[in-house]
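Structure first, commentary second.
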Amino acid sequence: MDEKLRKDELTRTVKFTPPLYKQRYQFIKQLVNKHKPKKVADLGCADCRLLWMLKFCNCIEMLVGLDISEDVMKEKMHMLYPLPGDFLQPSERSLTVILHQGSVAQKDPHMLGFDMVTCIELIEHLEIKELEKFPEVVFGFMSPAMIIISTPNSEFNPLLPTVTLFRHPDHKFEWSRAQFQNWALDAAARYDYTVEFTGLGAPPPGKDDVGFCTQIGVFVRKYLKNGEPETVEEYKEHVYKTIFKAVYPSLKDEKYLQTAVVNEVVRTSQTIARRLLDKRKSKYKKVRDGVETDPPFLTSCFLKDVEDPSLTKADNPHIEPFINGQTVYMPLAKIFSVPKVKQLCGTFETLSKLITGKVALSNDGSALLIDTEYENEELENEHLFPSSKP
Ligand code: SAM
């Protein structure tokens, strides 16, 4: 076969959709969704793309990236800051994202206590001395519940027409499946992990014997850990340099919870008050037009028989809002019966505590007060308010 034709055929056969790097991130995301780790570290995180994807996984409360290159992390680390929407609607979970500059060949107490550690296309960038240290640091010292390591499978390289020696000029080596598996099985045995092998980027038909383009080892710690190992004493010193930290707004933080509760209480109260006032207005119209006579209603009124059953279910008049003169009384019990408010506060006492001092309350603190001066002016302007009529 002519050389050009052969190369064209190979180029066609090795195009992965979606691209392989995205498939690797997706692979990690699936493992996160399955195992729900709270603390995840990405070693050799480069431009933080995987970290950015993982920040949307709701189970994760601590996300840490480590790379030897500060510059490469800084390229896109701004993507890891909370967005305005995170402040407007804080999440239930807490999330802290941290980036450290340092080497996987060094032990630092910042890296203890993780549930999952990912090393995507990292090990082939390590110098021989660093690679020798890697199992001791990652499996022995960090000892997370799960470690995922991916690396190129050199047996696939003949199918990549542009590859001469290695796939990237910074690669220090590329391993066959047997080489990677020997190394991985040895590390797993030494540090009490199991390991399973898989991969991404299947070879083209007829080339199955070369294996996946990316080879992956998924390591699971065999033993349960209580606290941190005694070796921590030796490694109390922080050798990594922290270059980024973002603490996301969370409803677990009372400051954000209070803002969310006050916003919800005000919104809910205004919705209910609006209905009450509309009802009063239509009553006034009927009285003015002689369709109805209901004098007591003219000075005060309860909200009943309005459309939204979730807001009016309570038959108990003590939790029904009412208008007295210029003020709408919105009992806190009524506000607490609204599902969103109940979900945010948990208890009636928490609701009282969080809104006290932030909204106007009745003397006994049992109702929120809404001033309707403007509404009354509107009624007067429309000649609906009886007191304004001679
Ligand atoms: N994990 C990234 C991903 O999947 O998108 C890409 C990794 S990139 C191919 C390899 C990264 O390892 C580089 O960002 C490099 O700076 C980093 N690295 C190399 N040696 C390191 C070391 N000793 N400790 C930590 N990171 C290292």
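By convention here, the first residue in the shown sequence is residue 1. Counting starts at 1 for both ligands and their atoms, in listed order. The structure presented is a predicted model; accordingly, all values stated were derived computationally and were not measured.
- Between L165 and E174, the closest side-chain pair of non-hydrogen atoms is not below 4.5 Å.
- Ligand 1 lies out of reach of C119, whose nearest heavy atom is not under 4.0 Å from it.
- With ligand atoms numbered from 1 in the order given, ligand 1 contributes 20 (N), 21 (C), 22 (C), 23 (N) to contacts under 4.0 Å with heavy atoms of L126.
- What sits closest to atom 9 (C) of ligand 1 on the protein, heavy atoms only, is H125 NE2, 3.1 Å.
- With contacts defined as side-chain heavy-atom distances shorter than 4.5 Å, the pair F197/V218 does not qualify.
- Given atom 24 (N) of ligand 1, the protein heavy atom at minimum distance is V104 N, 3.1 Å.
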### Message
Is there a salt bridge (Lys or Arg N to Asp or Glu O under 4.0 Å) between E70 and K241? Walk through the geometry before answering.
### Response
CA-CA 9 Å; E70 187 171 337; K241 174 179 162 198; 2.7 Å; yes
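- Here E121 pairs with R24 in a salt bridge; the nearest charged N to carboxylate O distance falls below 4.0 Å.
- Given atom 4 (O) of ligand 1, the protein heavy atom at minimum distance is I120 CG2, 3.2 Å.
- Salt-bridge formation is not detected for the pair R190/E136: no Lys NZ or Arg NE/NH1/NH2 atom is positioned less than 4.0 Å from an Asp or Glu carboxylate oxygen.
- Against a heavy-atom cut-off of under 4.0 Å, L122 is close to the following atoms of ligand 1: 12 (O), 18 (N), 26 (N), 27 (C).
- In terms of protein heavy-atom proximity, atom 26 (N) of ligand 1 is nearest to I68 N, 3.2 Å.
- Here the CG-CZ distance, from L160 to F166, works out to 14.0 Å after rounding to the nearest 0.5 Å.
- Counting only N and O atoms by type, the side chains of T151 and E124 include a donor and acceptor under 3.5 Å apart.
- Numbered from 1 in the order shown, with element, the atoms of ligand 1 that lie under 4.0 Å from a heavy atom of G102 read 24 (N), 25 (C).
- At least one heavy atom of E121 lies less than 4.0 angstrom from ligand 1.
- Ligand 1 places these atoms under 4.0 Å from at least one heavy atom of G44: 1 (N), 2 (C), 6 (C), 7 (C), 11 (C), 12 (O), 26 (N).
- Contact analysis leaves L50 out of contact with ligand 1, as no non-hydrogen atom separation drops below 4.0 angstrom.
- Protein heavy atom nearest atom 3 (C) of ligand 1, with residue, atom name and distance: Y25 OH, 3.4 Å.
- Salt-bridge formation is detected for the pair E254/K353: a Lys NZ or Arg NE/NH1/NH2 atom is positioned less than 4.0 Å from an Asp or Glu carboxylate oxygen.
- Looking only at heavy atoms of the protein, atom 13 (C) of ligand 1 is closest to D67 OD2, 3.6 Å.
- In this structure, the separation between CD on E320 and CG on L276 is 9.5 Å, given to the nearest 0.5 Å.
- The shortest N/O to N/O separation between D42 and ligand 1 does not fall below 3.5 Å.
- The cationic atom of R221 (NZ for Lys, CZ for Arg) does not lie both less than 6.0 Å from the six-membered ring centre of F219 and within 45° of the ring axis.
- Each of the following atoms of ligand 1 lies closer than 4.0 Å to a heavy atom of E130: 23 (N).
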